[in-house]
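Only one structure is covered here, and it is reproduced in the block below.
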Amino acid sequence: MRPIRFANCAAMLLATALVAASVGCTRTSPPVPAQAAADPAARTEAPPPADHPDVHRFRIGALDAAVLRDGDIRFPNDGSVLGLGRPRAEVDALLAAAGEPTDTVHLSVQALLVRSGERVLLFDTGAGDADFAEAGRLPQSLRAAGVEPAQVTDILVSHAHSDHVGGLLDADGATAFANARIRMSAPEWQALQADAGRAALAAAIAPQVDAFAPGAEVLPGVTAVVVEGHTPGHSAYEIADGAARLLYIGDSAHHHVVSVQRPRWTIQFDGDAPVAERSRETLLASAADSGVLVQSPHFPFPGLGRIARRDGGFAWAPQR
């Protein structure tokens with residue numbers, strides 16, 4: 001065996017050093033300490049919820065709000081529900097002039113979500129599994145808006161008809177919003193408790209109900225508006241943030257054409273039709289004169305717009 005020359009030895013030592021260095025460079029970096037990983041400044045914020053066809057986002061001043069689709073109600077235009085006592089040709093002409101079908105009447109079903117400080121407010125809860133509606137999508141719409149049912153702090157009920165409180169209970173008859181206070185006017189709560197056919201609903205929600213005097217300021221920035229005639233304690237709600245206002249009208253008007261352009265026409269859903277018709281006309285006049293932004297749970301989704309005076313009456317001007 002030939003002796004190793006110094007130059008060859010140096011080369012081998014250099015090669016060994018380079019290999020060791022390369023191994024050190026490819027070594028996995030040590031894990032980030034748990035405390036650093038938990039540091040909010042070291043995390044990337046979660047992106048906001050993606051747009052969803054059943055969620056329409058908007059703002060009331062600085063308040064984040066969204067209309068949440070629950071479903072639809074359809075019934076024949078046969079004079080038994082809408083335009084009671086009016087000639088069918090007259091109702092058809094009014095619908096046709098607005099580009100609406102004349103054979104079937106369509107009402108949307110939707111709820112209003114508002115974030116106000118630490119509170120998460122839900123105005124009505126849709127129709128749930130009511131057999132007269134194709135509905136029950138509110139839980140999915142709510143989650144698509146980034147809110148879990150347990151996060152809702154307050155539910156403001158316009159009135160206790162099934163297409164507005166149908167989502168208060170889940171499929172097992174338990175409360176669907178375990179941490180929410182359920183707020184409705186005292187006359188509406190009394191009427192619901194007196195309805196033997198709805199005893200299960202009243203019993204299930206009773207521990208959560210806070211009844212208020214008609215027309216009261218229910219929460220900071222939220223005031224009930226008395227609209228008589230539809231049910232014993234029907235309420236609209238005005239939501240305010242600074243100079244910004246929104247009027248949630250409940251069932252003050254059901255159809256965006258007939259109820260608005262002919263507020264004195266009778267609809268079968270009103271408990272005291274003459275009173276409801278006067279209330280409807282008064283509310284529409286007030287909304288038109290003030291220019292307040294209106295949200296309706298039954299006008300075409302998302303039901304946002306304003307009431308305009310037109311041709312001696314009123315018309316719905318949807319927000320584009």
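Computed from heavy atoms alone, side chains included, the values below leave out hydrogens, waters and symmetry copies. All of these numbers come straight from a predicted model, not from anything done at the bench.
- The neighbour count for Glu228 CD, taken as heavy atoms of other residues, nucleotides or ligands under 6.0 Å away, does not exceed 12.
- Taking 4.0 Å as the cut-off between side-chain N and carboxylate O, Arg74 and Glu134 count as a salt-bridged pair.
- There is no side-chain donor-acceptor pair under 3.5 Å between Gln268 and Ser80.
- A salt bridge does not link Arg88 to Asp78: none of the charged side-chain nitrogens sits closer than 4.0 Å to a carboxylate oxygen.
- The shortest distance between side-chain heavy atoms of Ile239 and Val114 falls below 4.5 Å.
- Ion pair Asp289/Arg309 flagged as a salt bridge, since at least one NZ, NE, NH1 or NH2 atom sits closer than 4.0 Å to an Asp/Glu carboxylate oxygen.
- Note that CG of Leu112 and CG of Leu121 are 8.5 Å apart. Values are rounded to the nearest 0.5 Å.
- One side chain, Glu188 or Thr231, offers a donor N or O that lies under 3.5 Å from an acceptor on the other.
- Residue Asp311 qualifies as open at atom CG: its count of foreign heavy atoms under 6.0 Å is 12 or below.
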Report task. Kindly determine whether Arg59 and Asp241 satisfy salt bridge (charged side-chain N to carboxylate O under 4.0 Å, His left out), including the steps that lead there. Result -> CA-CA 10 Å; Arg59 295 179 76 84; Asp241 183 65; over 6 Å; no
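- Judged by distance alone, the side chains of Ser158 and Asp124 do bring a donor and an acceptor atom under 3.5 Å apart.
- At a cut-off of 3.5 Å, with distance as the only test, a side-chain donor of His161 or His230 sits close to an acceptor on the other residue.
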Query raised in the report: side-chain contact (heavy atoms from CB on, under 4.5 Å) between Gln110 and His56: does it pass, once the steps are laid out?
Result: CA-CA 11 Å; Gln110 52 230 4; His56 178 88; over 6 Å; no
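- Centroid-to-centroid, the aromatic rings of His298 and His164 come within less than 6.0 Å.
- Taking CE of Met184 as the reference point, atom NE2 of His234 lies at 12.5 Å (rounded to 0.5 Å).
- Taking 4.0 Å as the cut-off between side-chain N and carboxylate O, Asp210 and Arg183 count as a salt-bridged pair.
- Between Phe269 and Phe75, the two ring planes are perpendicular [angle over 60°; tilted spans 30° to 60°].
- The existence of a salt bridge linking Arg115 and Asp64 is excluded, since no basic side-chain nitrogen approaches an acidic carboxylate oxygen closer than 4.0 Å.
- Note on Arg181 versus Asp154: no salt bridge recorded, every NZ/NE/NH1/NH2 to OD/OE distance being 4.0 Å or above.
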